[in-house]
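Everything below concerns the one structure shown next.
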Amino acid sequence: MNKVRHILILCLFVTGLAASAQTAAERWSRVKTYEQVLRDNLWNGSLNINGVRQDTVSRSYAGFTGEYEGGGMRDTWQAERGWSAGAATASVQHLERMSLKGSFSFTQTEGYGMCGSMFIKPEFYPVDVLEFTPGRKTLQTYSFDGGISYDIAPSWRIGAVMEFESANIAKRKDLRHSNWRLDLKVAPGIMYHSDDFAAGAALLLRKTSETVEATQVGTSESSYYAFLDKGQMYGVYSIWTGNGVHLEEAGVNGFPVRDFSYGAALQAQYKNFFAETEYIRTSGSIGEKEYIWFRFPADSFKTRLAYRHTCGKATHYARLVFGWNGRRLDESILEKVTANGVSTVTNHGSNRIATERGISLDPEYEYINSRIEVLAKAHIGIDKDMASQIYPYIHTQSLATFGADARVKIFAGPWTFTAEAGYCKGRVSEDSWMTDQQTGVQTEPFRLQDWYERQMEFRTAPRLLAGASARYTFTRGIYTELSGDWIHGFNLKHLTGADRFCTTLTIGYDF
């Protein structure tokens with residue numbers, strides 16, 4: 001990792017020398033940034049890497065970022081305060097018969113007063129494991145991606161892209177834990193293009209995995225507890241070494257989760273209209289070897305529509321994304337039998353204990369000219385969950401979220417000023433019943449009620465978001481930027497503090 005940091009520093013030094021050699025007439029002349037080049041090409045948000053050749057502008061970026069965040073209005077797993085620092089570089093280059101696109105980044109984050117979810121990306125998987133001792137966590141994330149598109153014939157292109165992300169996190173106070181996460185995606189594709197028309201297809205193969213390994217150093221008069229959340233904050237609360245939470249079981253290394261996804265997408269473009277339809281199937285499991293405690297099959301569908309219109313020196317963009325997803329959670333019925341010193345595990349089947357369904361709609365409008373950029377977005381999401389961990393109890397939940405925000409950028413010589421504001425809120429409703437009143441079952445599912453109330457309030461409380469930044473460009477492409485963000489929640493009953501702040505300093509180079 002030290003070698004990687006040295007390489008990034010060297011890259012920035014070399015590019016800085018190149019920029020210093022520019023003429024005075026080039027100073028502060030405005031060119032498209034790497035981000036603007038990516039957003040200008042409607043194909044770049046798709047699964048098909050070959051769409052990168054629908055543009056001809058080459059651009060690169062390199063930079064360092066430092067960030068501090070703290071305050072209230074935070075989810076149950078977020079830090080009371082924390083900082084992060086990282087470096088990143090990215091590039092898209094067009095040659096005569098092929099285009100190349102790639103990036104690399106490394107980020108280190110320190111969070112203080114953290115507890116709750118033990119996962120690196122909470123809510124990514126259908127189950128969660130919580131611990132309750134606030135302490136310091138250190139997270140390291142590094143990622144890279146690389147893609148190539150090649151013209152094999154006058155109207156045909158083939159290509160592929162690979163994205164890799166790895167992360168590790170360590171909790172430094174009992175209940176201690178260490179996690180390792182891997183996310184690997186490969187997407188080959190093909191495209192046909194002729195004049196104003198283009199069509200393509202791409203396949204997707206993706207694997208993610210994460211393992212939580214918990215440990216306790218020394219002895220303590222009090223026991224540390226953990227909670228296995230199986231959905232809607234219903235689950236098992238016990239000592240962390242208990243069998244119910246699966247953090248320490250013989251024959252299993254920690255709490256391992258993995259899934260494998262495969263799917264396909266179709267794209268089409270006519271003049272300035274673009275459309276893509278994508279379907280992904282996921283098969284996931286929790287546990288290892290013969291100890292597979294849960295399985296979670298899932299399906300998702302997504303449609304992207306986009307339109308670009310240029311009028312003089314101004315460009316208008318309209319984008320719309322519609323998504324649907326469904327996921328099930330099946331708990332295995334395992335029996336461990338020891339005979340003559342040999343232990344065997346028998347799987348007697350499984351019970352479906354949770355189902356999830358969700359839809360989302362994200363419209364977006366963007367306006368760009370040489371002096372100003374305006375971006376307006378909205379989000380609507382509806383999620384319906386059902387949990388049935390103990391027969392005959394049924395619990396349903398309907399969660400709706402709504403939000404909108406706008407961002408304005410103004411270019412004034414070497415300065416770029418940005419202001420943004422947004423508002424969002426949500427609504428949750430629940431119901432529960434028994435499918436059979438005559439079963440004689442006395443044990444009801446356990447819910448971690450106080451944590452559930454905090455979680456739901458964070459998701460549904462009305463909040464106002466505001467931010468501002470100022471960027472100064474020293475010479476063509478080299479800049480420093482300072483930004484700040486503020487979130488204020490209204491009508492809070494369970495969360496500590498209504499305000500959260502974030503400050504970011506960036507030194508970068510677009511070339």
Side-chain angles (χ1 to χ4, degrees), residues 77 114-131 137-143 163-171 174-186 205-216 224-231 234-262 280-298 327-336 343-354 356 389:
W77 51 268
M114 296 184 69
C115 57
S117 175
M118 300 173 73
F119 280 99
I120 293 176
K121 290 188 176 181
E123 302 176 12
F124 185 87
Y125 298 112
V127 302
D128 204 347
V129 184
L130 283 67
E131 53 87 19
K137 288 187 179 182
T138 300
L139 170 65
Q140 292 183 332
T141 305
Y142 53 95
S143 63
E163 299 179 6
F164 172 87
E165 180 180 279
S166 180
N168 61 83
I169 193 170
K171 174 76 178 293
D174 291 340
L175 180 65
R176 302 168 188 257
H177 65 90
S178 300
N179 300 29
W180 292 268
R181 176 179 171 82
L182 175 68
D183 190 339
L184 177 64
K185 181 171 73 174
V186 178
L205 297 174
R206 182 184 184 185
K207 178 185 178 182
T208 76
S209 63
E210 184 170 350
T211 300
V212 181
E213 293 187 3
T215 185
Q216 181 178 343
Y224 293 99
Y225 282 75
F227 176 71
L228 176 61
D229 180 9
K230 301 180 183 180
Y234 287 100
V236 179
Y237 178 80
S238 74
I239 297 175
W240 74 274
T241 55
N243 292 333
V245 294
H246 304 303
L247 283 176
E248 187 173 288
E249 290 197 15
V252 182
N253 181 28
F255 190 88
V257 187
R258 61 181 59 84
D259 66 19
F260 180 77
S261 302
Y262 56 91
I280 297 176
R281 172 71 174 177
T282 301
S283 177
S285 64
I286 302 174
E288 64 182 8
K289 301 175 183 177
E290 66 269 27
Y291 295 92
I292 302 297
W293 306 308
F294 303 93
R295 297 185 186 273
F296 52 97
R327 185 166 61 183
R328 288 78 66 197
L329 179 61
D330 299 329
E331 185 172 19
S332 302
I333 304 173
L334 304 179
E335 181 184 12
K336 184 177 181 180
S343 298
T344 59
V345 178
T346 302
N347 189 335
H348 296 285
S350 62
N351 293 323
R352 180 148 296 177
I353 63 172
E356 304 173 9
Q389 297 177 19

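The shown structure was predicted, so the numbers you read here are calculated from the model rather than taken from an experiment.
- In this structure, D128 has no salt bridge (charged side-chain N to carboxylate O under 4.0 Å, His left out) partners at least two apart in sequence or on a different chain.
- To the nearest 0.5 Å, atom OG of residue S261 and atom NZ of residue K185 are 10.0 Å apart.
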| task | Show your working on ring pair (Phe, Tyr, Trp, His ring centres under 6.0 Å) between F119 and F124 and close with a plain yes or no. | result | CA-CA 9 Å; F119 280 99; F124 185 87; 9.5 Å; no
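- Distance SG/C115 to NZ/K137: 7.5 Å, rounded to 0.5 Å.
- When side chains are defined from C-beta on, R328 does not count as touching P126, because their heavy atoms never get closer than 4.5 Å.
- Contacts of S143 classified as side chain to side chain contact (heavy atoms under 4.5 Å, CB included), with partners at least two apart in sequence or in another chain: S105, E165.
- Scanning for side chain to side chain contact (heavy atoms under 4.5 Å, CB included) contacts around R295 gives S285, I292, with sequence neighbours left out.
- Note that OG of S178 and CG of N168 are 8.5 Å apart. Values are rounded to the nearest 0.5 Å.
- Among residue pairs with one or both ends in residues 241-261, none qualify as salt bridge (Lys or Arg N to Asp or Glu O under 4.0 Å); sequence neighbours excluded.
- In this structure, the side chain of D229 engages the main chain of G231 through a donor-acceptor pair within 3.5 Å.
- Residues passing the salt bridge (charged side-chain N to carboxylate O under 4.0 Å, His left out) test with E331 are K230, sequence neighbours excluded.
- Annotation: side chain to side chain contact (heavy atoms under 4.5 Å, CB included) contacts of F164 (sequence neighbours excluded): Y142, F144, S166, L182, L184.
- Results of the ring pair (Phe, Tyr, Trp, His ring centres under 6.0 Å) test with H246 over F227, W240, W293 single out W293 as the only residue that passes.
- Qualifying salt bridge (charged side-chain N to carboxylate O under 4.0 Å, His left out) partners for E213, counting only residues two or more places apart in sequence or in other chains: none.
- When every heavy atom of S238 is checked against every heavy atom of G242, the shortest pair comes out as OG-CA, 4.2 Å.
- Residues meeting the ring pair (Phe, Tyr, Trp, His ring centres under 6.0 Å) test with W77, sequence neighbours left out: none.
- Applying the side chain to side chain contact (heavy atoms under 4.5 Å, CB included) test between F255 and each of T211, V245, L228 identifies L228 as the sole match.
- Residues forming a side chain to side chain donor-acceptor pair (under 3.5 Å) with R176 (at least two apart in sequence, or on another chain): D174.
- Scanning for side chain to side chain contact (heavy atoms under 4.5 Å, CB included) contacts around I120 gives L139, A167, I169, N179, R181, E210, with sequence neighbours left out.
- Annotation: side chain of V127 is in contact with side chain of L329 (closest heavy-atom distance under 4.5 Å).
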| said: Go through it in stages, so that I can follow the logic: the residues are Y125 and T208, the test is side chain to side chain contact (heavy atoms under 4.5 Å, CB included), and I'd like the CA-CA distance, side-chain angles, deciding distance and then a yes or no. | reply: CA-CA 10 Å; Y125 298 112; T208 76; 2.9 Å; yes
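- Between atom CG of residue L247 and atom CD1 of residue I239 there is a gap of 12.5 Å, rounded to the nearest 0.5 Å.
- For the residue pair T241/Y224, the side-chain donor-acceptor check at 3.5 Å is not satisfied.
- L175 has its side chain out of reach of Y225: every pair of non-hydrogen atoms, C-beta onward, lies at least 4.5 Å apart.
- Annotation: salt bridge (charged side-chain N to carboxylate O under 4.0 Å, His left out) contacts of K171 (sequence neighbours excluded): E131.
- Note that OH of Y234 is 13.0 Å distant from CD1 of I353, once rounded to the nearest 0.5 Å.
- Partners of Y262 according to the ring pair (Phe, Tyr, Trp, His ring centres under 6.0 Å) rule, which considers only residues two or more places apart in sequence or in another chain, do not exist here.
- Note that CZ of R281 is 12.5 Å distant from CZ of F260, once rounded to the nearest 0.5 Å.
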